[in-house]
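Worth saying up front: this structure is predicted, and the values here are computed from it rather than measured.
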Protein chains: 2
Amino acid sequence: MKLSLRGEYALRALLVLGMNTDKEVVRIQTISDEQNIPKRFLEQILNELKVAGILESRRGIAGGYRLKSAPEKITLAEVIRLIEGPLAPVSCVSEKFYEKCTCPDEAKCGIRSVMKDVREAIVKVLEQVTVAQLCDRARMLEGQVANPLDYVI
Amino acid sequence: MKLSLRGEYALRALLVLGMNTDKEVVRIQTISDEQNIPKRFLEQILNELKVAGILESRRGIAGGYRLKSAPEKITLAEVIRLIEGPLAPVSCVSEKFYEKCTCPDEAKCGIRSVMKDVREAIVKVLEQVTVAQLCDRARMLEGQVANPLDYVI
DNA sequence: GCTATACTCTATCAAAACAGTAGAGTTAAT
DNA sequence: ATTAACTCTACTGTTTTGATAGAGTATAGC
Ligand code: FES
Ligand code: FES
């Protein structure tokens, strides 16, 4: 049930980019330093996110990456699906990456029934949370109030 | 976020054993046939479940496996934790298998905050569902009413 | 006691996934 | 022109996964 490091790195990079939407672009080196991610490995991941249309880049000496669309538009679910594949614990309950499994009868499978619930629980969280919210949480944890409205009774 | 085949096989074997609590024991061969699981692979898995105290076995010509405790006592969470390890998507939010990750500051990590929610969602399902309930679902899907009480208004 | 059959234990193995490294190439600001 | 950044493709070592193999041990039934 684990996320690969590749996936974790992708999310952590997006967090950095989300925190720096004021800047034109952020360099790979900066993200790499800030998050302890091997630079050459991170290059691949960011490029993959770019090809997928989540990031855009500028090349050359003042180059770097930035989010292509608003941080509110990018859900963690889509990022993880892109990097990792299915969110579902077994492929036979996956919506986007369905594959039938070796069970004799999918329609009567108790495991499948439970795993559907698990998938739904996971998806519910990850499709709701956007990069913007990820950043809000990070700001909150740093003691900076992200949104004062949260504290109005 | 995927379960390995090993874990899936374990659950499917437990489903069969749960459906056959009336019998003294069930042979590996029977489970293997019923669920399309490679027999020699399944042997290892069942033995692992036995060593962990979830199953018990009888050897010899009338041998086989059965659940050691009541199907209501065995949760899917404990089985998956045994076979697969952590339920959490990243190790830094795992309760039973905690390991710190490469993030610069765990306490201020937005990813970690979200992944905690995901872990909780997964655990909520898998710690609630027992082998008994797994069997109920399977019976339900087969059109047999598992428990007539469910239909009393 | 013998035998057939089932579980037990350890080892091995091929293929895939994972995590990372390397190098040559392209772009663009100065 | 230079330099510092992204780009693209390939490779490599390690670990995990999904098995398979073989020798050994227990037991029911004759
Ligand atoms: S686990 Fe996929 S159908 Fe049974
Ligand atoms: S993901 Fe583990 S602390 Fe950031």
- Message: Between A:Y9 and C:dA19, is there a contact of a side-chain N or O with OP1 or OP2 at under 4.0 Å?
- Response: no

- Test item: A:S32 side-chain N/O and A:P38 main-chain N/O as donor-acceptor pair under 3.5 Å: no

- Item | Salt-bridge criterion met for B:K73 and B:E78 (N-O under 4.0 Å) | no

- Item | Options D:dG18, D:dC8, C:dA19, nucleotide nearest the side-chain atoms of A:R6 | C:dA19

- Run the salt bridge (Lys or Arg N to Asp or Glu O under 4.0 Å) check on B:D22 and B:R66 step by step: do they pass? CA-CA 10 Å; B:D22 53 317; B:R66 67 171 179 189; over 6 Å; no

- Query: Taking for each residue the nucleotide of DNA chain D with the nearest heavy atom, is it A:Q44 or A:N47 whose nucleotide lies nearer the 5' end?
  - Reply: A:N47

- Mind checking whether B:V123 and A:V123 sit in one hydrophobic cluster, side chains of I, L, V, M, F, W, Y counted as touching below 4.5 Å? yes

- Map B:V26 and A:L42 onto DNA chain C by nearest heavy atom, then report which one ends up closer to the 5' terminus. B:V26

- Side chain of B:S4 only, please: which of C:dC7, D:dG18, C:dG20 is the nearest? D:dG18

- Task: Give one of base, sugar-phosphate or nothing for B:I28, where a contact means two heavy atoms less than 4.0 Å apart.
- Result: sugar-phosphate

- Donor-acceptor pair, B:E84 side chain versus B:G7 backbone, under 3.5 Å? yes

- Message: Looking at D:dA5, I'd like to know if its phosphate oxygens (OP1 or OP2) sit under 4.0 Å from a side-chain N or O belonging to A:R59.
- Response: no

- Task: Can you tell me the distance, in whole Å, between the CE atom of B:M1 and the C1' atom of C:dA17?
- Result: 17 Å

- Query: Has the side chain of B:R27 got a donor or acceptor atom that lies under 3.5 Å from a matching backbone atom of B:G63?
  - Reply: no

- Rounded to whole angstrom units, what separation is found between the CD1 atom of A:I45 and the P atom of C:dC18? 12 Å

- Query: To the nearest Å, how far apart are A:E84 CD and C:dC18 P?
  - Reply: 7 Å

- What is the distance from CD of B:E48 to P of C:dC9, rounded to the nearest Å? 12 Å

- Round to the nearest Å and state the distance from B:I61 atom CD1 to D:dA28 atom P. 10 Å

- When you measure from the side chain of B:Y65, which nucleotide among D:dA28, C:dT8, C:dG20 comes out closest? C:dT8

- Interatomic distance where CD belongs to B:Q29 and P belongs to C:dC7 [whole Å]: 9 Å

- What nucleic acid atoms does B:G60 come within less than 4.0 Å of, heavy atoms only: base, sugar-phosphate, or nothing? base

- Task: Please list residues of residues 16-23 of chain B whose heavy atoms come under 4.0 Å from any atom in DNA chain C, ordered by number; otherwise none.
- Result: none

- Looking at B:S57, does any N or O in its side chain come under 4.0 Å of the phosphate oxygens OP1/OP2 on C:dT8? yes

- Identify the residue among A:M115, A:R119, A:R112 that makes a side chain to side chain contact (heavy atoms under 4.5 Å, CB included) with A:V90. A:M115

- Query: For D:dC6, does OP1 or OP2 lie under 4.0 Å from any side-chain N or O of A:K50?
  - Reply: no

- Take atom CZ of A:R58 and atom P of C:dT30, then tell me their distance rounded to the nearest Å. 9 Å

- Query: Atom NZ of B:K2 and atom C1' of D:dG18: how far apart are they, to the nearest Å?
  - Reply: 13 Å

- Short question: side chain of A:N47, backbone of A:E43 - any donor-acceptor pair under 3.5 Å? no

